[in-house]
Amino acid sequence: MSEEGFLTACAVPPPPGSEADQFPIRVRGLKNAFGEHVIHENLDLDVRRGEILGVVGGSGTGKSVLMRSIIGLQIPEAGEIEVLGSPITDARDDDDIDIRCRWGILFQGGALFSTLTVAENVEVPLREFYPEITDELRHEIARYKVLLSGLPAEATSKYPSELSGGMKKRAGLARALALDPELLFLDEPTAGLDPIGAAGFDQLIRSLQQTLGLTVFLITHDLDTLYEICDRVAVIADKRVIAVGTIPELIATDHPWIKAYFNGPRGRAAMAANERNGALGTAGDQA
Amino acid sequence: MLAALADFPHEAITMRASADFSTEQGAEGATTLVFSGPMTVSALGTLDHRLRALEGPFAAIDLSHATRIDTVGAWTAWSLSQRLGAPITGASPEAERLIAAIRAVDDNTAPVEAHRLPILLRVPDHVGQVMAGLGQGMLLVLGFLGQIVLASGVLLRHPGRFRLRALVHQMELMGVNALAIIGLMSFLVGIVIAQQGAVQLRQFGAEIYTVNLVGRLSLRELGILMTAIMVAGRSGSAFAAQLGTMKLTEEIDAMRTIGVSPIEALVIPRLLATMLMMPLLGTYSAVIGIIGGAALSALTLGIPFFTFLARIQEVVPVHDVWVGLIKGPVFGLIVATSGCFQGLQVKSDAEEVGTRTTAAVVMAIFMVIVLDAFFAVFFSEVGWG
């Protein structure tokens with residue numbers, strides 16, 4: 001048995017306490033442009049280990065482009081990106097990014113492989129990175145990941161075209177979690193879900209993040225998600241990250257866009273809802 | 001039990017630690033299974049294979065020597081403890097948390113397997129489905145043709161709704177843009193026919209009849225047939241893929257809700273463009289084929305280029321041109337209908353777009369060749385032989 005061969009398939013985690021360990025994602029001086037149209041200029045961002053970082057910004061400010069740059073799908077014009085201690089921007093081609101087994105990505109529409117069942121979708125990354133795993137164990141892993149994502153067991157043998165939008169997102173989440181990643185990227189996870197489904201998805205992300213010790217990079221337009229589960233929020237405007245902090249810290253700044261965002265009718269409603277929930281929570285604790 | 005373990009020495013612990021296990025004899029003769037190393041998906045290796053071969057009884061499963069753990073490690077330990085009936089001991093708080101999360105979701109139901117027939121029944125089942133599908137397909141094609149006739153009737157009564165721009169655009173895409181490839185192909189086929197024909201006819205000293213061969217074959221059969229095959233491959237497939245993708249992205253549904261009929265807006269312009277362009281392309285192809293034949297004859301048979309062309313006028317009856325021109329729109333109708341029909345049948349996913357596109361091309365070429373045989377018999381019966 002040659003077991004060393006496959007054990008090197010994936011990058012070694014950085015030593016604890018190092019900078020890469022503290023900040024799994026570091027972006028410095030990022031510039032992205034499509035032709036003449038500059039999306040990002042001199043963008044800096046640090047994501048701390050074990051936090052849920054919400055990323056907000058108006059439509060077209062390049063939230064998804066930022067995510068695509070971090071995961072190596074979009075090659076930036078300038079700047080440096082380091083994920084889990086590995087430089088992404090220096091990678092010459094896809095194979096150079098050897099940390100892909102340590103992150104999981106949920107795309108907006110789920111991006112499930114349409115010709116595979118849900119369970120087979122979850123098995124794809126496992127098969128790709130750890131071919132030595134026995135078939136039985138791989139099936140079992142796929143099954144409990146699907147269950148962990150809040151789907152019923154029957155869903156494992158269904159095809160994506162047979163699932164509703166919310167179920168597709170959960171199935172996409174199961175695939176993103178297939179390799180027990182440290183980093184989770186979520187692109188508008190609650191967009192298109194009904195409020196009850198969205199709240200359930202928020203709770204699912206929160207509980208998975210706590211159970212599995214994930215660092216989460218979360219793009220969202222959903223103010224409830226920001227209030228409910230994000231530890232910090234990064235605001236993209238004027239082609240860069242203009243502020244990062246907790247929501248009270250952001251409200252204290254006087255940037256007009258941030259003010260309009262959090263103090264608009266929706267922002268105030270979400271804040272009020274959050275305060276109500278908070279009050280109920282503490283009352284429950286006392287009782 | 002111990003013999004089985006002896007087959008697996010601790011070879012896996014190399015530079016990068018991997019998960020492993022050993023057994024320890026307790027005080028009262030009870031055996032404990034002790035995991036060591038990182039119990040993560042990347043370090044598990046073939047451990048699972050060995051664990052499945054294990055048989056108890058074990059007093060406990062000890063995780064206190066496991067350095068790290070993720071859900072895969074937690075699942076491995078937990079499913080093993082379920083199978084062997086041994087409790088898990090020495091779990092770190094992290095391991096406890098992960099095992100609790102897995103215990104919470106696992107409902108112990110048997111895995112849901114996709115329903116599959118036994119292998120002996122699969123072939124007849126498949127044949128039956130294909131046959132039923134064929135019958136169903138016939139009805140659907142008939143319905144589709146009916147829709148086209150209805151939409152044409154509507155357009156005749158409301159000519160203002162006809163999409164001239166779409167028609168011209170499709171004529172450019174499927175007609176003008178195909179000129180280069182069809183020209184090249186016909187030229188080469190003309191050369192081949194002239195060359196092969198001359199070799200055979202030379203045996204009778206009848207090389208001059210190469211002109212008849214090239215002229216009549218190109219105008220009657222080959223020009224239009226080769227064009228139909230090329231258009232089926234170029235445009236029939238494109239129609240199927242375009243409409244299929246539009247179906248998947250719900251564009252066609254969106255059209256319906258706005259009150260635009262997809263048959264009127266998408267199918268009729270494509271159909272009409274193909275029917276108009278096919279006779280033109282077929283004649284063009286025949287002419288280029290004759291030029292190819294003439295070029296070869298001038299080079300190798302000693303028949304001057306313009307003499308060859310002048311002879312064509314004498315030996316090719318004019319009804320050969322009519323035969324080609326009559327077949328054109330019919331073949332065009334077949335190619336465009338099968339492309340649009342298959343495209344609109346797409347329902348589920350990207351793979352279906354592929355199979356439907358293939359079906360569109362195969363169906364079109366098959367129908368064209370079958371119909372060409374009927375035409376040959378028909379025209380010779382009516383005295384256009």
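Only a predicted model underlies this, so the values are computations on that prediction, with no experimental measurement involved. Order of the sequence lines sets the chain letters (A, B, ...), proteins ahead of strands, with each chain counted from 1.
- The CZ atom of B/Arg50 lies 12.5 Å from the OG1 atom of A/Thr134; values are rounded to the nearest 0.5 Å.
- Between atom CG of residue A/Leu147 and atom CD1 of residue B/Ile102 there is a gap of 10.0 Å, rounded to the nearest 0.5 Å.
- Heavy-atom distances place the backbone of A/Gln210, and not its side chain, under 4.5 Å from chain B.
- Judged purely by atom type and a 3.5 angstrom limit, A/Asp180 has no side-chain atom pairing as donor or acceptor with the backbone of B/Asp70.
- Donor-acceptor pairing under 3.5 Å is lacking for the side chains of A/Ser161 and B/Asp349.
- Contact of A/Lys145 with chain B is made through the side chain alone, with heavy-atom distances under 4.5 Å.
- Counting heavy-atom neighbours within 6.0 Å of B/Leu121 CG, excluding the residue itself, gives a total above 12.
- Proximity to chain A among residues 350-359 of chain B is limited to B/Ala350, B/Glu351, judged by heavy-atom separations below 4.5 angstrom.
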Quiz prompt | Residue pair A/Leu148, B/Trp75: steps toward the side-chain contact (heavy atoms from CB on, under 4.5 Å) verdict | solution = CA-CA 12 Å; A/Leu148 268 182; B/Trp75 169 266; over 6 Å; no
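- Proximity to chain A is absent for every atom of B/Thr40, based on heavy atoms less than 4.5 angstrom apart.
- Distance CZ/A/Phe129 to OG/B/Ser42: 11.5 Å, rounded to 0.5 Å.
- Note that the CG atom of A/Leu212 and the CZ atom of B/Arg97 stand 7.5 Å from one another [nearest 0.5 Å].
- Here the CD-CG distance, from A/Glu136 to B/Leu51, works out to 12.0 Å after rounding to the nearest 0.5 Å.
- With rounding to the nearest 0.5 angstrom, the CG atom of A/Leu177 is 8.0 Å from the OG1 atom of B/Thr71.
- No more than 12 heavy atoms of other residues, nucleotides or ligands sit less than 6.0 Å from atom CD1 of B/Ile119.
- With contacts defined as side-chain heavy-atom distances shorter than 4.5 Å, the pair A/Leu126/B/Val41 qualifies.
- Heavy-atom contacts from other residues, nucleotides or ligands closer than 6.0 Å to CD of A/Glu162 number more than 12.
- Checked for salt-bridge contact, B/Arg52 and A/Glu140 meet the test: a charged N lies under 4.0 Å from a carboxylate O.
- Looking at heavy atoms from C-beta onward, B/Leu44 lies out of side-chain contact with A/Tyr130 at the 4.5 angstrom threshold.
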